Undergrad: 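The structure that follows is given in the form of structure tokens.
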There are 2 protein chains.
Amino acid sequence: MARTTGSDGEKTEAAIREAAVELIARYGYEAVSMRQLAAEVGVQVAALYRYFPTKEELLFTLMREHMNALLETWNDARPTKSDPMARLIAYVANHIAFHIERRPSTHISNMELRSLSPERLTQILKLRTAYEKELRAILRDGSDDGSFDIDDTGLTAMALIQMMTGVIVWFRPGERLSVEGVTETYLSMTMRLVGATMSREQDNVHTRAQLRA
Amino acid sequence: MARTTGSDGEKTEAAIREAAVELIARYGYEAVSMRQLAAEVGVQVAALYRYFPTKEELLFTLMREHMNALLETWNDARPTKSDPMARLIAYVANHIAFHIERRPSTHISNMELRSLSPERLTQILKLRTAYEKELRAILRDGSDDGSFDIDDTGLTAMALIQMMTGVIVWFRPGERLSVEGVTETYLSMTMRLVGATMSREQDNVHTRAQLRA
DNA sequence: GAAATAATAAAACGAACGTTCAATTAATTC
DNA sequence: GAATTAATTGAACGTTCGTTTTATTATTTC
């Protein structure tokens, strides 16, 4: 046999990507073989190499697109000309929504960095740094204009991101908490962490208004 | 050749453990081969199997001892008959000190869980849950007696642990911050997160007193 | 100092790995 | 409808993997 009826390059490539994300997120990059991936897609191993020249290139593609998507959704969600508080709320809400929605690829981008070649690793880290820089800028602005009370903006940014991304470790959709509920709780914790000058009541009101928008 | 002069089972086993921790933390469990490990120890591959029947058993041993050490240091450090605030301070200080001190094995215990068989995974998760349970108990007690103001103790505990463990991602000893400095900042953030009823001045004073003790 | 045991070396096992190549068929082009 | 291109198969390449077996030497026991 050779080319199969109804075969389509675009569809096959998409199927490979999707299967790869699921498999690598579940078993880890090193533990997933090209044969296993091919079997999952329902195709022969050699077919994979039509779309990705090496296994590492496939991993890199998945990570790069994940990071690009993250930066893109933030670019779409970011408020222009807003006070630091509103920007921070938008950042947190976007971050949590994105990471809950894309749990498998987030897992990969967090766990499989060491399987990248130095050059590719640098590229991914650049994207990640760019994203984190956005949060640091918000914290600095808020610290400058008195909206926040922060000891160390760099350290606080790292702590916040660690805390927020950690949501994917335990959150399962459709269980005790909804995405909105989780977001609200994390927003509340964030505001405390940055020493935002407001009562918790105000906080919740503000939060809900932003989420509805 | 066979047995080498000066060879000693205990020393060899310790050397294997140490080399394994370093290699697996750096390259990942799946990426490290028994041959690579043997070369690092300066021994033939077959010698490894005198001490660990399989590669997975070696990984499991490293993880189990890491978790046991974590629970032990907390057992030694935990204050008896103290208010929730003092207990929380002790927990955070112990957690951060431990994780900075044992960065490689922490990395392994966080990243390589999926390489364990279901039974072994369960054992490790039990230890982890026991450790996290301690924090939840502190938060609950503090919430009950009014020391803390917490929405959701379970969620706050997870957020705190994520935030604190994240220190190993960016912290490098001997750089900008000392262990004490990091601990103090994280303690400050923790107290804000749990809505501890005290000013920041009081907080810092309290913190420093505890750290000296 | 002989006997027993502990520690390691050396070599090999079959299986699985990422990757490549040639052949073959489906779809498209003109 | 023939020629061309796109998509895939099937088989194979050399390498590396975790693990085992057997032999050999150092150390300990008595």
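This structure is a prediction, so every number in the text was calculated from the model and none was measured. Below, read A as the first sequence line, B as the second, and so on, with proteins coming before strands; counting in each chain starts at 1.
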Undergrad: Between protein and nucleic acid, restricted to nucleotides 11-13 of chain C and to nitrogen or oxygen atoms under 3.5 Å apart, what atom pairs and distances do you find?
TA:
none

Undergrad: Under a 3.5 Å distance rule, please check whether A:T61 uses its side chain to pair with a backbone N or O of A:E57 as donor and acceptor.
TA: yes
Undergrad: Give a yes or no answer on whether the side chain of B:S188 reaches the backbone of B:E184 with a donor-acceptor pair at less than 3.5 Å.
TA: no
Undergrad: Does anything in residues 56-76 of chain B form a ring-ring contact (aromatic ring centres under 6.0 Å, His included)? List the pairs, not counting sequence neighbours.
TA: B:H66-B:F98, B:W74-B:Y91
Undergrad: Atom OH of A:Y51 and atom P of D:dA6: how far apart are they, to the nearest Å?
TA: 11 Å
Undergrad: For B:K11 and D:dA26, what is the distance between atoms NZ and P respectively, to the nearest whole Å?
TA: 17 Å
Undergrad: Could you note down all residue pairs passing salt bridge (Lys or Arg N to Asp or Glu O under 4.0 Å) where residues 98-118 of chain B supplies at least one of them, sequence neighbours left out?
TA: A:E112-B:R114, A:R114-B:E112
Undergrad: I'd like to check A:E13 versus A:R50 (side-chain heavy atoms, cut-off strictly below 4.5 Å). Are they in contact?
TA: no
Undergrad: Do any of residues 17-34 of chain B sit with a heavy atom less than 4.0 Å from DNA chain C, and if so which?
TA: none
Undergrad: Cut-off 3.5 Å, no hydrogens considered: what does the side-chain donor-acceptor table look like for residues 153-166 of chain B, sequence neighbours left out?
TA:
| unit_1 | atom_1 | unit_2 | atom_2 | d |
| --- | --- | --- | --- | --- |
| B:T156 | OG1 | B:D152 | O | 2.7 |
| B:T165 | OG1 | B:H95 | NE2 | 2.9 |
| B:T165 | OG1 | B:I161 | O | 2.9 |

Undergrad: Rounded to the nearest angstrom, tell me the gap between atom CD in B:Q44 and atom P in D:dT22.
TA: 18 Å
Undergrad: Give a yes/no on whether any side-chain N or O of A:T12 is located under 4.0 angstrom from OP1 or OP2 of D:dT8.
TA: yes
Undergrad: Between P on C:dA7 and CD on B:E13, what's the gap in Å once rounded to a whole number?
TA: 10 Å
Undergrad: In whole angstrom, what separates B:K55's NZ from D:dT19's C1'?
TA: 12 Å
Undergrad: Distance check, rounded to the nearest 0.5 Å: A:K126 atom NZ versus A:T129 atom OG1?
TA: 9.5 Å
Undergrad: In whole Å, I'd like the distance from the CZ atom of B:R50 to the C1' atom of D:dT22.
TA: 15 Å
Undergrad: Is a side-chain donor or acceptor of A:Y51 paired with a backbone partner of A:A14 at a separation under 3.5 angstrom?
TA: no
Undergrad: Do the side chains of B:R140 and B:I150 get nearer than 4.5 Å, heavy atoms only?
TA: no
Undergrad: Strictly below 4.0 Å: does A:Y49 bring a side-chain N or O up to OP1 or OP2 of C:dC21?
TA: no
Undergrad: How bent is the helix from C:dG1-D:dC30 to C:dC30-D:dG1, measuring the angle between the end axes built from five pairs each, rounded to 10°?
TA: 20°
